[in-house]
Amino acid sequence: MRTAVGLLVVMVVIVAPARAFDGYEHRSVSNAAVIVAAKYAEGTADYAFIAQALALATKEKETFGDLTVAADWFQNVTTLTTSEAFKAVRKRQRIYMAWRKGISLHRNMLHFQRQALCTYLMLHRNAVALAASPDTWEASLYTEAVALHFLQDFFSAGHFVTPRKHSNDAVAGSLHDHFGHTGLKVLLAMSSDQTLAEPWRSLVAAVKSQLGVLPDAVRYNDADLTSLDGRTELRIGGDTYLNDIPGQRLLVLLISAQSVAEVLNASRNSSAPAEHIAVCFNERWAQRDGPHAHSFLENPASNGKRGGPEAALRLETSPPAKLKPHLTIRFLKSDACEKEVPRCEASENWLVRFAVPPDAYSEQGNLEAKGVQFTVAGLPAVRRSISVGRLIYGTDPRNTVMVHDEENKPLDRYFTSSLVPLYATGNLLFVESDRYRAIGVRGELAYDLPLTAAGATLMFGPNIYKFHGGRATRLDVGLKLTYGFDVMNIALLLERGHQVDDNGRFHQRYFITPGVELTLSNSWYRKFLHFPRRPCCNER
């Protein structure tokens, strides 16, 4: 038992500094986006504002891109949009603030799917509004730097596929890292007659003219810069693989540069720029009846009646509505994102759209969850237990699967259940007290409570007890309550187990014991234990 507890302590030490959703590519891409956007907008934006943006992006430290990176470390990202931004970042990087980073990484649903797009749009519009006055140029740049984090996250395969809201950390991490590794096909329409259309042609020209000053991590050659000409599809990987895939890196850079250029242009002209980024998103869908089809994207789903999420990005020339700065991103609600990010409709007016592969999810339509769970619990001389389990199942979180009617139109309701989100584990169990030892198996069915740091787990399984005077097999059941970050929790076990009394008789008894629980997806423990990183889809 002492060895097991020691092992758990070692694993906790390993996990403590780890960051589940990583990607320092944000820094280099965002700084490069400013350099490219400054060249692209040099005739349409205020020169003084361009100079201020370039100075922030080309500093040795505390750069524009560092604010993009830091968005992972804060729940309230508006902290990073003020003059105190870098002071807050320096404080958050201290060792004793690691728990605050943990909370932010645990409650990070704004970095995924529709929530990511909504958060980007609101922050980006704030940046555009703030760019109208020289007095707020610094706040405008800081706000745009944070906005780019969410835009870039969305173009990571794992962030696009994973329904993060209401998901257990290990379940979401399993799906996030699986698609970050395997990649996802993206359909492109950036060219006309085998030549890049505007503004992409001018943005690529800006990249070529600035090759000598771009960060080393985003340097390109001629093959990279012409790779989007005439392309109709591209395979993208996860955020930590961005530097492995030049085509994806260039696509994300160009889109980020277009976004920055919209902010720079707002400094000279109070009206919106001629072209601005617009996005749409559809949740995963379930079709109860009718043929397999969809109004936006034909999608060969796993069983013919389900499809993955869908999204499109386009450039619009009509000016967006006038907006005042709105800096309450922390308190965004789902209905706000529903309004800000429209559903995708059938249209040829798209620039980039996504196709989810048929094997994205299991045949039943549930999430592929793969990971391990390790629990140590007990009180001295009463009951002590070690449980080592395998994460084997995860359900779709609430409100992440839309229902389509017989005519393939999305309905204003979701395919959901009061029992989600669930995840299941199968465990090997060792129990001991001062009078017996037991070994057995245990199944666990867990439910994450609406309080995002809490969960409840039903435990059941047979155990073989060996004690002085005999052996017996009994079915034990119990309830486990957890509180923490899903990855690392404190636990309270309420069990109907068995005990040997002072007279050596074996009988049923109820136990209440505290414990510690660690749950990791496969990809996470590979990172924590420093397994070699698997290569991603390296397609141009």
Side-chain angles (χ1 to χ4, degrees), residues 15 18-26 69 71-73 101-117 119-120 149-186 235-245 248 252 281 283-284 308-309 311 354 356-357 359-362 365-373 391-398 400-401 421 423 448 452 485-488 519-528 531 533-537:
V15 170
R19 300 175 55 234
F21 299 94
D22 205 347
Y24 272 85
E25 296 90 343
H26 283 300
V69 173
D72 265 332
W73 307 341
K101 286 187 179 181
I103 292 175
S104 299
L105 291 168
H106 171 61
R107 300 175 182 174
N108 64 347
M109 68 284 297
L110 293 183
H111 298 248
F112 292 79
Q113 295 196 335
R114 182 186 296 274
Q115 296 282 338
L117 291 177
T119 308
Y120 159 72
H149 181 101
F150 300 94
L151 179 66
Q152 293 165 9
D153 268 0
F154 183 78
F155 280 92
S156 160
H159 283 257
F160 170 72
V161 169
T162 304
R164 180 69 180 101
K165 193 173 183 180
H166 301 301
S167 284
N168 179 276
D169 286 1
V171 174
S174 179
L175 196 65
H176 168 277
D177 289 344
H178 170 73
F179 279 95
H181 164 64
T182 62
L184 181 71
K185 184 175 68 174
V186 178
R235 182 165 290 276
I236 65 172
D239 42 15
T240 57
Y241 289 103
L242 186 60
N243 285 336
D244 297 348
I245 312 173
Q248 178 186 5
V252 174
F281 184 82
E283 288 84 1
R284 290 184 62 198
F354 298 85
V356 178
D359 60 349
Y361 305 93
S362 67
N366 300 111
L367 304 185
E368 296 272 5
K370 299 178 180 179
V372 295
Q373 187 176 88
L391 189 67
I392 56 177
Y393 177 83
T395 64
D396 297 302
R398 300 185 195 96
T400 58
V401 182
Y423 64 97
D448 286 333
T452 55
F485 300 143
D486 288 351
V487 174
M488 183 69 200
T519 307
L520 300 173
S521 68
N522 282 8
S523 53
W524 287 4
Y525 71 70
R526 288 179 62 90
K527 295 176 189 175
F528 299 150
F531 281 81
R533 191 182 74 153
R534 297 178 297 173
C536 180
C537 41

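Source: prediction; values computed, not measured.
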Quick one: does [X]'s side chain have a donor or acceptor within less than 3.5 Å of a partner on [Y]'s backbone?
X: R114; Y: L117; value: no
X: E283; Y: P309; value: no
X: S174; Y: K370; value: yes
X: Q248; Y: S156; value: no

Do you know the tightest heavy-atom contact between [X] and [Y]?
X: S167; Y: P163; answer: OG-O, 2.8 Å
X: D169; Y: D486; answer: N-OD2, 3.2 Å
X: L110; Y: F150; answer: O-CD2, 3.3 Å
X: Q152; Y: V252; answer: CG-CG1, 3.7 Å
X: I236; Y: I245; answer: C-CD1, 4.3 Å
X: M109; Y: Q115; answer: O-CB, 3.3 Å

* To do: Over 60° means perpendicular and under 30° means parallel, so classify the ring planes of F354 and F160, tilted if in between.
  =>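 If you compare the ring of F160 with that of F354, the planes turn out parallel.
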
* To do: For the pair F154 and F281, name the ring-plane relationship: parallel under 30°, tilted 30 to 60°, perpendicular over 60°.
  =>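 Because their plane-to-plane angle is over 60°, the rings of F154 and F281 count as perpendicular.
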
* Gap separating the CG atom of L184 from the NE2 atom of H159, nearest 0.5 angstrom ->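 Answer rounded to 0.5 Å: 13.0 Å.
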
* To do: Enter the distance from D177:CG to T162:OG1 here, rounded to the nearest 0.5 Å.
  =>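 Spacing of CG (D177) from OG1 (T162) equals 8.5 Å.
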
* Asked: Below 4.5 Å, heavy atoms only, C-beta onward: do D72 and H111 meet side chain to side chain?
  ->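 Yes, at least one pair of side-chain atoms sits under 4.5 Å.
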
